[in-house]
Structures are given as C-alpha cells and as structure tokens.
Amino acid sequence: VRDFNYWVDDGNIAVIVCGVAFRVYRGLLETHSPAFQELFQGASVVHPYAVLLGCPVVFVTDTPLAFRAVLKHYWVGPQVNNMFPSNVELIYYQVLMGRKYALPDLLESACERLEDIFPQDLRTFTQIDGIPPARRLACSQDALLAIILARELDRPALLPSAFLVVAAEMRPAALLAGAVLADGTRAHLAPADRAACLDLHARLVRERVNLVRRVFAPEHFADCARAACARGAEMFLTRFVAAFPSAATPRPFWWWSRELVGMLEEPFRPCAACTEAFEDRQRVEMDDLWASLPCIIGIEVPGW
C-alpha cells in the first residue's frame with residue numbers, strides 16, 4: 001500500500017513499514033543520519049516489491065506513524081497535517097525515531113517545541129497564544145507524554161508544568177492506564193512519576209485552599225474606609241470553607257479571584273482598590289508557589 005502522503009513517483013528508495021510503502025529520495029534521510037546510510041546500502045533491487053515499484057526497497061520494523069513523524073520533519077513538499085492527534089504526540093514519535101536513527105537535529109527541534117508548550121515561566125504557562133491553560137492543555141495525555149520525553153531527553157525544566165497538568169487534569173484510573181497513542185500502543189509513566197502525580201494532586205488542592213485563605217484574609221481589608229470590603233471577605237471565606245471539598249480544585253495557577261468574588265452580593269463586593277490589592281496578592285502567592293513547584297514534586301530543576 002502506498003503511503004497517502006509521502007510518495008514521489010521518481011523517488012530512488014522505497015521504505016516498507018508494516019506493509020506501507022514510502023517512496024522518497026534517499027538523500028533526504030541519508031544526509032542527516034549514518035544509520036539511514038547503512039540501512040539504504042542494504043536495499044534490495046531483486047525483491048518482488050523492488051521489481052513492482054521500479055526502485056530499491058528496504059524493510060524497517062517501525063510503525064507507519066512513527067516513520068511519518070520523521071518524514072514530516074524533513075519533507076519539503078505538501079503534507080497532510082491531520083495525521084497526529086496532537087503536536088506532543090508527533091514530538092513523542094519523533095523523539096523515539098530520533099533516538100533510534102541518531103537524528104540530533106530532530107531531537108533538538110523536538111526539545112525546543114516541548115519547551116514552548118511546557119515553559120518554565122508562569123506568565124507564559126498561564127497564557128500562551130491567548131489561550132488559557134485549562135483549554136490549551138485540556139488533553140492531559142500530552143502532559144503525560146511530556147513527562148516521559150523529559151526523562152528520556154534529560155530535560156528536567158519540562159517536568160514541573162507537565163506534572164502540574166497531569167496532576168490537575170488526569171483522573172487516577174487514566175493515569176494508571178497511560179496514554180493511548182494513535183497507533184494503538186500505550187505509553188506509561190514510571191511508577192515513581194505516577195506516584196508523584198497522585199501526591200501532587202492532593203498537594204495542589206491544599207495549596208489552592210491555603211492560597212485563597214491568604215489572599216482573602218480579612219486583615220488585608222482593615223485599612224479600607226469601606227467596611228463592606230472586610231465584611232465581604234469574611235463572608236466569602238465562610239462560604240468557601242462551607243463548600244469544601246467541592247470548592248477545592250487542584251488548579252492554584254488558574255486565575256480565579258474575580259470569578260470567586262463575583263459570587264458575593266453586590267453590596268459586599270470589594271471596592272476597586274481592594275480588588276487591585278487582592279489581585280496583586282494572588283499574583284505574588286502564585287509566583288511563590290510556582291517557584292516551589294520542583295521542591296513540592298520532589299525533583300531538581302537547575303535554574304527554576
């Protein structure tokens with residue numbers, strides 16, 4: 001079966017992957033990897049497929065999806081762009097193949113793109129391309145794959161934000177089941193990383209509760225000439241505690257202050273000055289918590 005995307009009629013090598021034929025120019029891959037040079041040197045010109053296709057053929061044991069991930073990086077012609085469910089899954093396959101075939105430029109590109117998705121900076125994490133993280137990273141499977149890749153590539157800076165998303169968004173059963181990839185295989189976290197995600201979930205719930213209490217502590221409103229601000233803070237905390245645990249979520253870095261204050265009756269909502277003040281406090285508290293994430297998770301991230 002000819003691949004629907006990576007086939008050129010005048011290609012000088014056909015790579016057969018699980019019955020799918022990719023006809024390409026061998027120099028496209030040989031120039032980047034001695035492994036491909038060695039592979040193509042053993043190409044057959046007498047195999048029935050070679051006679052049928054009219055060019056030498058080689059057989060590899062990869063999956064078609066994994067081989068497409070390599071070609072997608074080096075291909076210069078038009079491509080179908082819907083082969084991979086997500087950019088992270090594409091990167092996952094590219095890292096696996098980059099390791100197998102010694103493709104350093106592919107690995108470096110994969111690292112750079114992962115760093116864009118799972119950044120070290122809190123401001124970048126909470127707002128990338130105008131899309132809030134709850135929507136941008138709704139697929140916690142991407143974050144699970146990022147943890148696996150960070151370990152594989154020895155890029156610890158990717159770990160805190162990836163751990164955060166898995167702990168906040170992935171249910172324990174899904175965490176244990178692992179990520180289901182487009183080719184039907186599964187990717188699993190190491191046992192220690194699974195345990196760290198489960199522990200982090202509970203810790204994030206506690207941190208959000210404590211953060212809310214600190215930001216809306218009534219003493220912060222004592223200097224306001226409007227007594228209703230302090231009274232509103234007291235009412236809010238009382239309702240928040242009463243609603244626990246349903247009000248507690250493992251998302252301390254999602255901006256929530258204005259939304260929560262909107263739950264108060266109009267007379268008890270904070271004035272403009274108090275609103276600005278508690279938003280500043282939330283920002284400071286979030287920065288401090290973000291800085292301590294590696295310690296909370298139990299990992300070392302130089303320069304975090």
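Here the structure is a predicted model, which means the values were calculated and not measured.
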Where do Pro119 and Trp304 come nearest, in terms of heavy atoms and distance?
O-CH2, 4.1 Å
For the rings on His47 and Phe59, is their centre-to-centre separation under 6.0 Å?
yes
Are the side chains of Gln94 and Arg113 in touch, meaning some heavy atoms are under 4.5 Å apart?
yes
Distance, nearest 0.5 Å, that separates CG of Leu103 from CE of Met97
8.0 Å
Tell me whether Arg23 contacts the main-chain N or O of Gly11 through its side chain, where contact means a donor paired with an acceptor under 3.5 Å.
yes
Backbone of Leu189 reached by a side-chain donor or acceptor of Arg194 within 3.5 Å:
yes
Does atom CZ of Arg214 have more than 12 heavy-atom neighbours, drawn from other residues, nucleotides or ligands, at distances under 6.0 Å?
yes
Carboxylate-amine/guanidinium contact Arg281 Glu219, below 4.0 Å
no
Check the surroundings of atom CG in Asn210: do more than 12 heavy atoms from other residues, nucleotides or ligands lie under 6.0 Å from it?
yes
In terms of side-chain heavy atoms, does Arg26 have a donor or acceptor partner in Gln41 at a distance below 3.5 Å?
no
Should we count CD of Gln37 as having more than 12 external heavy atoms under 6.0 Å?
yes
Please check if the side chain of Thr275 supplies one atom and the backbone of Cys271 the other of a donor-acceptor pair under 3.5 Å.
yes
Would the Phe36 and Tyr101 ring centres measure less than 6.0 Å apart?
yes
What distance separates Leu204 CG from Arg251 CZ, expressed to the nearest 0.5 Å?
10.0 Å
Which of parallel (below 30°), tilted (30 to 60°) and perpendicular (above 60°) describes Tyr6 and Trp75?
perpendicular
Polar side-chain atom of Glu234 near backbone of Pro218 as donor-acceptor pair, under 3.5 Å:
no
Less than 3.5 Å apart, any donor N or O on the side chain of Tyr74 or Asp105 sitting next to an acceptor on the other?
yes
Does Asp287 pair with Arg123 as a salt bridge, N-O distance under 4.0 Å?
yes
CG/Asp193 to CG/Leu200 distance, rounded to the nearest 0.5 angstrom?
11.5 Å
For Ile147, does its backbone N or O pair with a side-chain atom of Arg151 as donor and acceptor, under 3.5 Å?
no
Are the aromatic rings of Trp290 and Phe253 close, with centres under 6.0 Å apart?
yes
Considering all heavy atoms of both residues, which atom of Pro270 and which atom of Cys229 are nearest to each other, and what is their separation?
CA-SG, 3.8 Å
Quick check on side-chain contact (heavy atoms from CB on, under 4.5 Å): which of Ser292, Cys295, Pro294 does Pro160 satisfy it with?
Pro294
Can you confirm whether Ile148 sits close enough to Tyr92 that some side-chain heavy atom of one is under 4.5 Å from a side-chain heavy atom of the other?
yes
Run the salt bridge (Lys or Arg N to Asp or Glu O under 4.0 Å) check on Arg203 and Glu207 step by step: do they pass?
CA-CA 6 Å; Arg203 178 66 181 270; Glu207 292 293 345; 2.7 Å; yes
